[in-house]
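Structure, as structure tokens:
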Amino acid sequence: MPAQIGVTGLAVMGANLARNFARNGYTVAVHNRSVGKTDALLEAHGSEGDFIRTESLEELVANLETPRRVMIMVKAGGPVDAVIEQLIPLLEPGDIVIDGGNSHYEDTRRREAELAQHDLHFVGVGVSGGEEGALLGPSIMPGGSAESYKALGPMLEKISAKYNDEPCCTWISTDGAGHFVKMVHNGIEYADMQVIGEAYDLMRSAAGIEPAEQSKIFEEWMGTSLSSFLIEISAEVLGHVDAATGKPLVDVIVDSAGQKGTGRWTVVSALQLGSPVSGIAESVFARGLSSQRSQREQAQSVLAGHESTVELPENFVEDVRQALFASKLVSYAQGLDMLGSAAAEYGWELKLDEIASLWRAGCIIRADLLDEIMKAYADGNKPENLLLAPAFAEAIAEAVPAWRRVISTAVQLGIPVPVFSASLAYYDGLRRKRLPAALIQGQRDLFGAHTYERIDREGTFHTQWSGDKTEIAAVSTH
Ligand code: NBP
């Protein structure tokens, strides 16, 4: 029997996805550049379902039913292009090439256009959930043509994570939309992790609450609007004692956070789109700062702090919880707003309620909050910003007093809370009647004749700064 899908690239992600397809009843043809990985997979897990062992891409393709579905799970970047190049002459019009790796969405857009010239479908699929998700059910964000989804979607939905029996997989939109949404998901993940880190640091450094006790606090927070996978695992990490030293594990881990690049991609894309994802950006920068160990070491003795003593409010822990919740909401609002900007730029029809629904299981940012986000965008509701949806405007308003208190405390004590602060600045910036951008427009007009608009008249204007300072109507040079 021919296979319904072929997977090439059997390192950890490809092998686990292949097993997931096989465990769900599909016949899977498997291939890896070096045959050792194929044999290792079949030896260890060949009994889990129907696999067809192949040694070349020719053999892989020859074993597939039509339209052929070939999933590429090799290292992102050049290797994906190399495999595509080898596949093109082997395939026929209507066949579907799927890239389930962490590819940049611009690469996916380019590849989709190239393969369309050969009448081949190219589907960039965002897959979230790491190794375990790939095996047991990831959150899946497929792009590509709607037509290709008809032949591929049901299979992806079957192997995806389920939330109340609903698959965490739906067609996102054309070309690179799936990889774009996955990328923004990762940006939100960075911010979500950082705000939890800031909450921990505040409770530890300002209130002296030890990790073991914080673990219990985080467990309690699982019963609140913060309930999420990241809060749950934070409780576990904070409660873990290092066997070698008897200290809390968090105290013996080097405080430099790594990154693989998708958070950075989110911020670069946001800058290109003019999308103000300040909280997400600060979370990426915070990881960067944490990694500058030499500078940090020197700064400890060189840079003065001048911290003040602060009397903590009685309900400091609850204040921190509210500040964390509000900052987290802003991260989601910024990420979703960025999706809106990308949709306008690339002509994607992104349904934000469906996207929120995909993230409810299988992925790192799964959280109860996503149900509420879905509701905010359901029934044709299109708040321009998540924070403008009535339920969220109300929820964040309740947290604002605590949010301000917590950030003031952090500033007085010299505890950096970059995402808490950037998120509050975003919130205040959004709601403020007048911004100093008016002065910036004046400056730009003075030094570069960039012109400005007036609040009381249509048109574009320029003040003749180096002349008699009268105002003239001008053609915009923006
Ligand atoms: P890797 O990213 O480590 O890539 C290893 C695979 O690429 C091997 O099968 C290797 O073949 C193959 N390969 C390379 Br390298 N160059 C090749 C080439 N020129 N031609 C053909 N094959 C080539 O694998 P991974 O960690 O399983 O990740 C796969 C994808 O999934 C990546 O895009 C990664 O970023 C993404 N990923 C996602 C998550 C997630 O949570 N969503 C987690 C981890 C990874 P060989 O065995 O012959 O060397």
Side-chain angles (χ1 to χ4, degrees), residues 6-21 28-45 53-61 70-88 90 97-108 111 122-143 156 159-161 168-169 172 176 178-190 193 229-230 233 258-266 358-359 361-366:
V7 178
T8 180
L10 301 175
V12 60
M13 290 298 286
N16 280 357
L17 278 174
R19 289 172 65 195
N20 191 348
F21 279 118
V28 190
V30 286
H31 168 261
N32 193 69
R33 178 178 61 174
S34 47
V35 76
K37 280 200 180 72
T38 314
D39 287 336
L41 166 67
L42 295 180
E43 199 177 316
H45 306 289
R53 176 185 181 279
T54 73
E55 290 193 5
S56 66
L57 284 174
E58 286 82 353
E59 207 186 335
L60 180 82
V61 168
V70 187
M71 188 160 205
I72 303 174
M73 288 305 298
V74 302
K75 200 175 180 64
V80 176
D81 287 313
V83 174
I84 289 174
E85 203 175 305
Q86 294 167 61
L87 279 173
I88 288 174
L90 305 175
V97 177
I98 307 135
D99 174 15
N102 267 341
S103 293
H104 193 279
Y105 74 98
E106 287 288 13
D107 285 335
T108 305
R111 289 168 184 150
F122 184 74
V123 182
V125 179
V127 178
S128 174
E131 290 173 40
E132 194 181 284
L135 180 64
L136 303 175
S139 168
I140 305 183
M141 294 149 257
L156 295 180
I159 67 154
S160 74
C168 291
C169 171
I172 301 288
H179 276 138
F180 189 91
V181 167
K182 166 66 174 29
M183 178 187 76
V184 172
H185 155 285
N186 283 31
I188 294 173
E189 177 184 311
Y190 272 57
M193 292 170 77
F229 172 70
L230 282 169
I233 63 165
Q259 47 182 317
K260 283 207 202 150
T262 40
R264 190 183 312 135
W265 285 356
T266 310
L358 300 185
W359 296 340
C363 65
I364 309 290
I365 63 169
R366 57 188 184 262

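Ligands are counted one by one from 1 in listed order, and the atoms in each one are counted from 1 as well.
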Taking distance alone, with N or O pairs closer than 3.5 Å, would you say [X] contacts ligand 1?
X    : value
N102 : yes
E131 : no
V127 : yes
G130 : yes
M73  : no
K260 : no

Residue, atom and distance of the protein heavy atom nearest atom 5 (C) of ligand 1 read A11 CB, 3.7 Å
The protein heavy atom nearest to atom 21 (C) of ligand 1 is V83 CG2, 3.6 Å
The option among R33, H31, M13, E132 carrying the non-hydrogen atom nearest to atom 49 (O) of ligand 1 is R33
Counting from 1 in the order shown, the ligand 1 atoms closer than 4.0 Å to a non-hydrogen atom of A76 are 33 (O)
What atoms of ligand 1 come within less than 4.0 Å of a heavy atom belonging to L10? 9 (O)
Around atom CD of Q86, are there more than 12 heavy atoms of other residues, nucleotides or ligands at under 6.0 Å? yes
Taking every non-hydrogen atom, the tightest pair across T8 and H31: OG1-ND1, 2.7 Å
Which atoms form the tightest heavy-atom contact between L156 and C169, and what is the distance? CB-SG, 3.7 Å
Relative to ligand 1, is K75 under 4.0 angstrom through side chain, backbone, both or neither, heavy atoms considered? both
Within reach of ligand 1, part of N32 (heavy-atom separation under 4.0 Å): side chain
